[in-house]
Amino acid sequence: MTDNSRGFTSSIGAILAAAGGAVGLGNIWRFPYMLGQNGGGAFLLIYVFFVIMIGIPLMMTEFVIGRRSQSNVVGAYRTMGGKHKGWMALGVLGIVAALLIYAFYSVVAGWTLNYVVLSCSGQLNGLAPDAVSQTFSDFSQGSYLPLIYQFAFLALTGLVITMGVQKGIEKVSKVLMPILFILLLVMCVRSLTLSGASQGLNFLFKPDFGKITGKGVLEALGQSFFSLSLGMGAMITYGTYIRKEDKLLKTSTWIAVCDSLVAILAGIVIFPAVFAFGMDPAGGPELVYIVLPNVFNSMPFGNIFSIVFFVLLGIAALTSTISLLEILVAFAVEELHWKRGAASVVASLMVFAIGAFCALSFGPLKEFTIFGKTVFDLFDMLTASYIMPIGALLMVIFLGWFYPKAGVRDELSNGGTLKARFFGIYYFLLRYVAPIALIIILIYGIIG
Ligand code: TRP
């Protein structure tokens, strides 16, 4: 029997926890606006293609590294890199990425809490479209409310992490993920029964390749990456908690299916409603915070659906912030020998110290720019366009070209007890297809 004291207690627990890490603001907030700006259906098809060809193999790669090394990102590269200590730098890059992503991600996560409060207290009710936009800008440009909500979100996440891998992460994910799906389905039914819904479905599902540009293709690739939380060690950390008897291909495939399903369902919630009420599907990042409240205001019982929607967005964000904090805490506990609770408090405070600059990037610190970008935009760009693709590129080189092939096969076949089906295909994608795709994303990120 496997020693389960360290990690997840079941396959379903592992899948739900990792799917929780993957499903987040990226699916419900970022995916719909990216799709909206890139013409709809064709973007969806290209996105799904990349998830299968690049996303699943990369996730398997992270799981192999995590489960084989049984340690945090830095420890993983130390153990598996053998005498080549330089690989540890890649682990350190993962820690830096987690800090930076968590710093700006927690800002938008905090916004969801504010919108839950606004919906519950009826403050968005019956506002004219101008007033809805005004509410969003007044709040996001404020000098203290964004900080308070960000702090609240960090505290909530810290609490779950302090409770541990099994009692915190696994348990919370097992409760929240099914709730997330149910709430999403409720919202889908509401949206699909609006008159005029079919126009939104056409936009989402009917591919019009004439609308796709080179930039759109690359954005689909980048989005598949961001959405599956790849390239900075999140899945390495969770991989260490996956039981030895679980199949990594199956686990990765399930996570990718859940993640894409949530993104598609979010599209089914948003686009029929947007079209039914004559709004602009290319509304950009404000689609969720400005366009949707207007939509809710135009429908019967909109206030209730508004609460449901923002609670659901908050849940999606929480399971992701949990996986971000766990990267830092696993590192502090294993490498620095801190206690779990202390590690979680110190890491959260550090993130708050940096993240405060992100929270204030829309108001008081709007003029405070580095390379012409606010701190929020800088962290977003640094991680999504540089650190994640570079981290992923070096990671596939590590496992595909440096680490012995037999070791990779052994981990995927669970020590030879399973037939490592599709191993040849995986190894080919790992060694050739993934690196080339990543180099293209990187070049695009640098020149674009
Ligand atoms: N996948 C998350 C989302 O879709 C965002 C994300 C990117 C992330 N990298 C991560 C979450 C690392 C946790 C850990 O919203």
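On a predicted model such as this, the values are computed, not experimentally measured, just so you know. In listed order, ligands and their atoms are each counted from 1.
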Tyr289 ring center near Phe139 ring center (under 6.0 Å) | no
Could you tell me whether Phe428 and Tyr432 have their ring centroids closer than 6.0 angstrom?
-> yes
Kindly indicate, with the supporting measurements, whether the criterion ring-ring contact (aromatic ring centres under 6.0 Å, His included) is fulfilled by Tyr241 and Phe8.
-> CA-CA 5 Å; Tyr241 305 137; Phe8 300 132; 5.6 Å; yes
Side-chain donor-acceptor pair under 3.5 Å between Ser306 and Ser119, yes or no?
-> yes
For Phe362, the option from Phe357, Phe104, Trp111 that meets ring pair (Phe, Tyr, Trp, His ring centres under 6.0 Å) = Trp111
Chain-and-number sorted residues having a heavy-atom contact under 4.0 Å with ligand 1 are Gly21, Ala22, Gly24, Leu25, Gly26, Asn27, Ile101, Tyr105, Phe226, Ser227, Ser229, Met232, Ala234, Ser320, Ser323, Leu324, Met388
Are any non-hydrogen side-chain atoms of Phe310 and Val117 less than 4.5 angstrom apart?
-> no
